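Bear in mind the structure is a predicted one, so any value in this text is a computation, not a measurement. Below, read A as the first sequence line, B as the second, and so on, with proteins coming before strands; counting in each chain starts at 1.
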Amino acid sequence: MNPFQTLRFAFGGLAANKVRSALTMLGVLIGVAAVILLLAVGNGSSQAVKDSIEKLGTNALTVSSGSGFGGSRSGSGSASATKPLTVEDARALADPSAAPHIESVAPEVTTSQTALNEGTSHTVGQVVGTYPAYFKASNSKVAKGDYFSGDDVLASRKVAVIGATTATDLFGTADPVGKKMVLGGTPFTVVGVLAAKGGTGFQDPDDVVVAPLPTVQNAFTGFGSVSQILVEAKSAEATTEAQGEITTVLMGRHGIKDPAALDFRVSSQESLLTTQADTNKTFTVLLGAVAAISLLVGGIGITNIMLVTVTERTREIGIRKAIGAPRGVILGQFLAESTLLSLIGGGLGVAAGLIGSHFTIVGIKPVVIPESVVGAFAIAVVIGLFFGGYPANRAASLRPIEALRHE
Amino acid sequence: MTPPLWPRRAPSGRTTPIGQPTAGVPRRPGTPPPVIEVRALFKTYGHGDASVRALGGPPDPATGRQPGVELRVEQGDFVAVMGSSGSGKSTLMNILGCLDVPTSGRYLLDGIDVGGLDEHQLSLVRNRKIGFVFQSFNLVPRTSAVAQVELPLAYAGVKAAERRRRAVAALTLVGLAERLDHRPNELSGGQQQRVAVARALVTTPAMLLADEPTGNLDSHSTEEVLALVDRLNASGRTVVLITHEDEVARHAKRVLRLVDGQIVEDVRQAPVGGPPPAMRERAHSVAGGLR
C-alpha cells in the first residue's frame, strides 16, 4: 500500500459523508481561525501601543514637580518644602559636562486659553510655552510652515505653532500659516501647523498651541516656575543614564541629600506605556486561551466523527481484513482520514483567519503573528493525528471475525 | 507462484522454521503437501461451565479422550461441507480462513502451521493463500468493481499498472469485463457475487473458501456462480465450499457432513484429479444428446 493509495481511500471515505465531513472541518476551521484572529487582535492592540510610544518619542523624559511615587515626606521634617522647577533648573540640565547623556532640554509651561479667529472661538486644550527643542523631544513635526526659532524665544515674539485639530477648528480648510489669531487676548501669528499625531488617550494631542516660553509666561503664566521640563536623551538606550544625571543635577540644585525624598519626578513616556503593554499581553493571552479551547473542541469533534465512522464501517473493516489488509493499513487509512479532516479544516481556517484580519475589529487593526498561523495549523494537524489515533487504533485492532459479523 | 512470505520473524521457541513442512507429519516424497491439514481441532466459546463446544466431540466415557476434527484436503479437490445450522460448519470455515483461531489443535495451510503466526503474518496468509467468497457478498461499499478486485493486490503491494491488468483479467474470467466501473449498488446479486469471486481469485490463492456463496442468490445466478466455481476447480484451484443445499453439494468432488462439531460422513463423489462431477455430467449429457 503506497501513501497515495491510502490518501485516495481517505478521500473516498470523507467524500462518502460530505455533510458530516464538512461540519467536522468547520469545527477545526473555527478553531484555527479563532486562534489566528484573536491573537492578531491582541497583537494589533499591543502594536498600537508600541506605535504611540514611538510617536511620543522613546528618548523623551519628563521632569515634573512633586514627590516621587510614595516618597517619604512624613520623615523627620527635615525635608524642605517642595522647590518648584525653574528655567534655571533646565539650563543646568542642558550643561553637557554635568549631563553628557542629555541631547536637549525644553522647559514647559502649560495653560488653557480660548483662541479667536474672525469670530470663530475655540478653547485650546493645551497652550505650551517652551523652547524649540520641544519639537524634537516630543516628536512633533510641522506639516506646514515652520517651527519658531531660538531668536523668537529670545525676542519673545508672539508667534505660535498650532496642532492639526486647532488649525481645523479655527481656520477651517484655509491655510493658517501667516494668519493671525487671538489667544487669551494676545494676538499671535501662526508660523506652522503640526502634523496630526492621532488621538490615543482622553486628551487630543493635536489640540495644542506651542509658543515661545517667554511669550506665554509674559501673557499668561507669569515668570515663576515651569510646569515641567522635557528632556531628550541622546538615544533610547541612554534614557536610564540621562534619568540618573537629571536626578543628580536637580538634587544638587534643590539641596536634597536623601534620594528617597525627592521633590521632583522623572518619568519616561516608555515606562507609562509599558504598563499598558503589559495589560495588553494579559489580554492577548486570554484571547489565545479562548481560541485554543475552541481548537481543542474542534479536535474532539474529529474524534467523535471518527468513532462514528469506525462503528459504521466495522463491517467494511472486517471485509478488508478478510482479504488481507494488515493492521497498519487499516490504521493508516483511518489516521489519514482524520488528518485530512484537520488538514483541510486547518487550511481553510488559516485562510479565514488571514482574510478576517484585514478587517478592523472593535477599533483594533489586527496584526497577524506569523508564528500563530504556523502554530495553529500545526496544532490542528497534530490534533487530527492525536484525536484520530484512538478511533483508528480501535478500527485496526478489531478481530476480523467479529468485524464481519457486525451489522 | 506466491513469493516466499515468512522469513521475517520466526516466533522464538520454535525449532522448525515456519514455511517448511513440519517434521512429524508423514509425507510421501514427491507429492505436494495437502492444502489443508487439520489435526485434533477443538473450538469452544466461553470459559468453565459456561463453555460451549463448537467443534470437536464429547469425551469418550471409556478412554476419556476427546475426538477433535481431523481433516485433510488435497490440492485440486472440491470439498463441500454440509450440516444444519449450529453444526459448526461456519466455525470450521472461519478457522480454515484464518479469521478465527482454534482453542486447540493444529492447522497446516499449504504446509504452514498457522497456529504460530502473529497478527501481521495472518493478514499475509489471508491475503495470499486464501480467497474468500461470502454469502452476503461482502463487497466494499461505494467502490467500483475493478477497485474491489484490485484491493487485495493493493494490500499485497502490487504496482498500480500490474494490479489493474490482473484485476481486469480476473473480472473478464468471471464474465464482468463490461462492468468494471460499476459499484455494488449498480450490480445484481449474481454479478456482485461474481465480483467477489474475482476478488477471491485475483491473488491466485492456494484455496477458495466459499461460505454459502449461493445462499442469497436466485436459481439462475446460483447456476452461474456454481458453473464459475466448477470451472475454477477444473483448472486446478482447490475449493472448500460450505452449504446446506444438496443441489450445491452435488457439484463437489467430496462431501463432508458435520453434526454437533464432528465430521460424521465423508463421501467422495469424484476423484481429486479430473473435472468436478457437475461438469462431467454436463459433458455426458451434451455427448448423449449428440449421439
Short N-O contact, B/E162 and B/R165, less than 4.0 angstrom: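 Here B/E162 pairs with B/R165 in a salt bridge, since their nearest N and O are under 4.0 Å apart.
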Basic-acidic side-chain contact under 4.0 Å: A/K321, B/E119: yes
Per-residue contacts, residues 383-403 of chain A versus chain B, heavy atoms under 4.5 Å: A/R399, A/P400, A/I401
Side chain, backbone, both or neither of B/P141 within contact of chain A (heavy atoms, under 4.5 Å): side chain
Per-residue contact mode, A/R315 against chain B (heavy atom under 4.5 angstrom):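 Only the side chain of A/R315 comes within 4.5 Å of chain B.
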Per-residue contact mode, A/R8 against chain B (heavy atom under 4.5 angstrom):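 Neither the backbone nor the side chain of A/R8 comes within 4.5 Å of chain B.
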Contact list for residues 323-343 of chain A, test salt bridge (charged side-chain N to carboxylate O under 4.0 Å, His left out), sequence neighbours left out: A/R313-A/E337
Between B/Y155 and A/R320, a side-chain donor and acceptor under 3.5 Å: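 Yes.
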More than 12 heavy atoms of other groups within 6.0 Å of B/D260 CG: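 Result for CG/B/D260: open.
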Expected output: side-chain B/Q191 to main-chain B/S188 donor-acceptor under 3.5 Å: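 Checking the backbone N and O of B/S188 against the side chain of B/Q191, a donor-acceptor pair under 3.5 Å is found.
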Heavy-atom side-chain contact between B/R199 and B/L139 under 4.5 Å: yes
